[in-house]
2 protein chains.
Amino acid sequence: MGAAKHDVFQAIADPTRREMLRLLAVKNLPISEITAHFPISRTAVVKHLHILSEAQLVQGTKVGREKIYQLHPDPLVEVKDWLSFYEQFWSNKLALLKYQMEKD
Amino acid sequence: MGAAKHDVFQAIADPTRREMLRLLAVKNLPISEITAHFPISRTAVVKHLHILSEAQLVQGTKVGREKIYQLHPDPLVEVKDWLSFYEQFWSNKLALLKYQMEKD
DNA sequence: TTAATATAACACCAAAAGGTTATATATGAA
DNA sequence: TTCATATATAACCTTTTGGTGTTATATTAA
């Protein structure tokens with residue numbers, strides 16, 4: 001199991017973790033360099049990386065004595081798909097109007 | 001539970017709250033009817049609704065002795081905008097490949 | 001071989017999240 | 001007025017979250 005203890009929605013709920021994803025989008029980084037970007041301890045950074053890892057959003061690979069983290073954005077498609085349902089409510093004002101009138 | 005500001009990312013992190021949004025997308029509903037859809041107490045439902053309310057995702061209006069909740073999906077645009085940055089990584093395999101080769 | 005570095009592995013803590021019951025208040029109906 | 005219904009709120013419980021610090025282990029450089 002361990003599969004879906006942390007889903008992608010929960011993983012991106014934290015602003016620190018979102019910032020980590022942004023960093024890794026630019027460049028693969030070891031834990032120490034990631035830590036340098038935040039005002040929290042390395043231990044705390046590792047915990048955030050674990051949560052992102054469980055959600056399959058990042059992947060860490062040991063290279064020498066460093067562990068290099070890499071962005072793995074595929075699970076974000078789930079969020080995109082979820083969001084797409086609600087796009088009708090802001091992308092089509094006419095449909096929205098019709099819908100609002102009919103629903104009560 | 002969340003006196004401080006609840007942003008939209010945190011609000012949609014919980015599956016129960018996402019299901020509530022889905023219900024309200026179909027029809028405006030009073031608290032009692034929303035509660036009927038979940039295996040949790042009405043009090044717990046109200047707490048979730050408060051969090052959604054703080055994130056401006058729903059709005060409650062008192063009508064008689066009922067409080068009718070309505071979907072207010074605009075804040076989801078923030079999530080959509082955030083996501084759009086990552087779309088390059090899955091919508092253009094060629095760019096992704098190029099990017100992966102250059103970044104380390 | 002030894003010293004320095006990077007991470008792993010703990011134990012510990014405070015606060016927040018998600019839930020419960022119990023009680024109170026407001027409204028509509030009889 | 002009285003009663004049933006809908007919501008509000010307070011108090012409390014348990015688990016998770018997000019953070020800390022310390023210590024141990026593995027790897028690299030000198």
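Chain naming here is simple, since letters A, B, ... match the order of the sequence lines and numbering starts at 1 in each.
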Checklist entry - Taking all non-hydrogen atoms of both residues, which atom of B:Leu57 and which atom of B:Ala11 are closest, and how far apart? => result CD1-CB, 3.9 Å
Item to check | d(CG, B:Asp14; P, D:dT17) in whole Å | outcome: 11 Å
Checklist entry - Can you tell me how far C1' of D:dA10 sits from NE2 of B:His50, to the nearest Å? => result 12 Å
Checklist outcome for this item: With the side chain defined as heavy atoms from C-beta on, A:Pro30 is closest, among C:dT7, D:dT20, D:dA6, to C:dT7
Next on the checklist: Rounded to whole Å, please give me the gap between CG in A:Leu52 and P in D:dT17.
Outcome noted: 13 Å
Item to check | Pairs touching residues 38-59 of chain A that satisfy ring-ring contact (aromatic ring centres under 6.0 Å, His included), sequence neighbours left out | outcome: none
Next on the checklist: Distance check needed: C:dA6 P versus A:Ile34 CD1, whole Å only.
Outcome noted: 13 Å
Item to check | Heavy-atom side-chain contact between A:Glu78 and A:Phe9 under 4.5 Å | outcome: yes
Checklist entry - To the nearest angstrom, how far is A:Glu66 atom CD from C:dA6 atom P? => result 7 Å
Checklist entry - Should B:Leu24 and B:Gln70 be marked as a side-chain contact (heavy atoms from CB on, under 4.5 Å) after you check the CA-CA gap, both sets of side-chain angles, and the distance that decides it? => result CA-CA 6 Å; B:Leu24 295 174; B:Gln70 177 178 17; over 6 Å; no
Next on the checklist: Does a side-chain N or O of B:Gln10 approach OP1 or OP2 of C:dA16 to a distance below 4.0 Å, or not?
Outcome noted: no
Next on the checklist: If you define the side chain from C-beta out and look only at heavy atoms, does anything of A:Lys67 sit under 4.5 Å from A:Ile31?
Outcome noted: yes
Checklist entry - So which heavy atom on A:Ser84 is nearest to which on A:Asp81, and how close? => result OG-O, 2.7 Å
Item to check | Distance, rounded to the nearest Å, where A:Ile12 contributes CD1 and D:dG18 contributes P | outcome: 13 Å
Item to check | Contact check, side chains of B:Trp82 and A:Ile12, non-hydrogen atoms, under 4.5 Å | outcome: yes
Checklist outcome for this item: note: B:Ile31, atom CD1; D:dT7, atom P; distance rounded to Å ~ 5 Å
Checklist outcome for this item: The residue, A:Pro39 or B:Lys67, whose nearest nucleotide of DNA chain D is more 5′ is B:Lys67
Next on the checklist: Using the side-chain heavy atoms of B:Lys47, tell me which of these nucleotides is nearest: D:dA6, D:dA8, C:dG19.
Outcome noted: C:dG19
Next on the checklist: Base contacts versus sugar-phosphate-only contacts with protein, heavy atoms under 4.0 Å: please encode nucleotides 21-30 of chain C as B, S and - from 5' to 3'.
Outcome noted: BB---SBS--
Checklist entry - Counting only side-chain N and O atoms of A:His48, is one of them less than 4.0 Å from OP1 or OP2 of D:dT17? => result no
Checklist entry - In whole angstroms, how far is the C1' atom of D:dT17 from the CZ atom of B:Phe9? => result 19 Å
